[in-house]
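Only one structure is covered here, and it is reproduced in the block below.
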Amino acid sequence: MTSLFKRVVDTVPSIDYHGQKLAEDLFTWILSGSAVIAFAVGWMLQDFMMTLYLSAAAAAFCVLLVVPPWPFYRRHPVTFLPPLKGGDHGAAEGLATTTPLASSAPSSQPAEGAKHK
Amino acid sequence: MHSAFQRINTLSAFSVSVLTALAIGCFLTSYMYSPNANPEVDVRLLQLRTIFYFDQSVDVAALTFDLHADFSSVMNWSTHVVFIYLTAEYETQNNRVNQVVVWDKILQQGDNPVLNYKEQPGKYGLFDDGTGLRGNKNVTLSLHWNVIPLIGSLPRFSGGHRQVSFPQQDSL
């Protein structure tokens with residue numbers, strides 16, 4: 001069951017680290033800005049439900065914008081070095097090279113990373 | 001790298017934070033209004049009787065009242081419902097405070113906030129638990145209103161106090 005779920009999930013392409021930062025920045029600014037606008041509009045119309053509807057609309061828009069792995073989130077793919085010969089020996093060293101943003105991310109899974117290539 | 005499910009999770013968590021901030025903002029703005037309805041109440045006694053309720057004689061009064069109150073300053077964007085009620089408050093030998101609701105009304109967002117009643121009969125009979133209404137010189141009618149907001153505090157106000165005295169005899 002879990003493996004079936006994982007197989008379905010794995011068909012969705014993942015976004016890269018730059019895309020991840022872009023996605024988070026996008027929804028943070030869009031939701032914060034729309035909350036300020038929705039508050040002002042609701043205040044002017046004296047209708048707090050209008051505020052809630054506007055921010056719900058902004059959240060729905062953010063779901064469409066951020067959740068699917070759109071191509072502009074995949075412009076900086078992570079490149080991995082070719083796997084070393086000789087089995088598991090030396091596999092625990094940091095072997096993956098990534099774009100600079102990803103330098104803090106865990107890089108101890110070269111075998112799995114090689115699969116994505 | 002984040003999967004689509006992790007992005008949904010982050011997005012919904014942040015949306016809830018934004019909603020909380022909006023709710024707190026709405027709560028804070030509710031202190032900017034001065035909810036004063038300036039009610040004017042005028043009361044006439046229709047009937048005062050003593051009836052037997054089981055083995056006890058109790059006084060029952062029926063009232064009509066005129067009421068003018070403007071609740072437009074009470075209805076703001078965070079007001080959900082205003083519960084308005086008219087009470088009769090008096091002192092008897094048995095009880096220092098008697099408070100009886102004789103009429104009430106629920107005012108919702110979108111209703112006409114100006115109440116204008118002439119010769120409006122009370123909804124509920126003014127029952128005493130004894131014969132304390134007869135000859136009572138100091139029965140105070142007052143209008144109370146509770147504001148039930150969407151988000152915020154639940155303030156209670158009263159106004160339009162009107163003192164009446166009840167006769168010693170039955171009145172019809």
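Proteins get letters first, then strands, A, B, ... in listed order; numbering begins at 1 in each. Note that these values count all heavy atoms, side chains included, but never hydrogens, waters or copies made by symmetry.
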(request) Take B/Asp59 and B/Asn136, measure what side chain to side chain donor-acceptor pair (under 3.5 Å) needs, and give me the verdict at the end. (result) CA-CA 11 Å; B/Asp59 282 348; B/Asn136 200 319; over 6 Å; no
(message) Heavy-atom pairs under 4.5 Å with chain B: which of A/Gly42, A/Ser55, A/Pro13, A/Ser32 has the most?
(response)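 Heavy-atom pairs under 4.5 Å are most numerous for A/Gly42.
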(request) Name the option with the most non-hydrogen atom pairs under 4.5 Å to chain A; the candidates are B/Ile151, B/Asn76, B/Leu22. (result)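 That would be B/Leu22.
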(request) Give the member of B/Thr10, B/Val18, B/Leu11 that has the highest number of heavy-atom pairs under 4.5 Å with chain A. (result)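 Going by pairs under 4.5 Å, I would pick B/Leu11.
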(request) Give a yes or no answer on whether the side chain of B/Gln56 reaches the backbone of B/Ile51 with a donor-acceptor pair at less than 3.5 Å. (result)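 Pair absent, no side-chain N/O of B/Gln56 close to backbone of B/Ile51.
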(message) What part of A/Leu45 gets within 4.5 angstrom of chain B, counting heavy atoms only: side chain, backbone, both, or neither?
(response)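 It is neither, since no heavy atom gets under 4.5 Å.
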(message) Less than 4.5 Å to any heavy atom of chain B: does that hold for the side chain of A/Thr28, its backbone, both, or neither?
(response)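 Both parts, backbone and side chain.
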(request) Measure the spacing between CZ of B/Phe127 and CG of B/Leu133 and express it to the nearest 0.5 Å. (result)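 CG of B/Leu133 is found 10.5 Å from CZ of B/Phe127.
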(request) Please determine if B/Asp42 and B/Arg162 form a salt bridge, counting it only when a charged side-chain N lies under 4.0 Å from a carboxylate O. (result)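 A salt bridge links B/Asp42 with B/Arg162.
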(request) Sort B/Leu150 into side chain, backbone, both or neither according to what part of it lies under 4.5 angstrom from a heavy atom of chain A. (result)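 It is the side chain, since no backbone atom gets that close.
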(message) For the residue pair B/Asp128 / B/Thr92, report whether a side-chain donor-acceptor contact shorter than 3.5 Å exists.
(response)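 Side chains of B/Thr92 and B/Asp128: no pair found under 3.5 Å.
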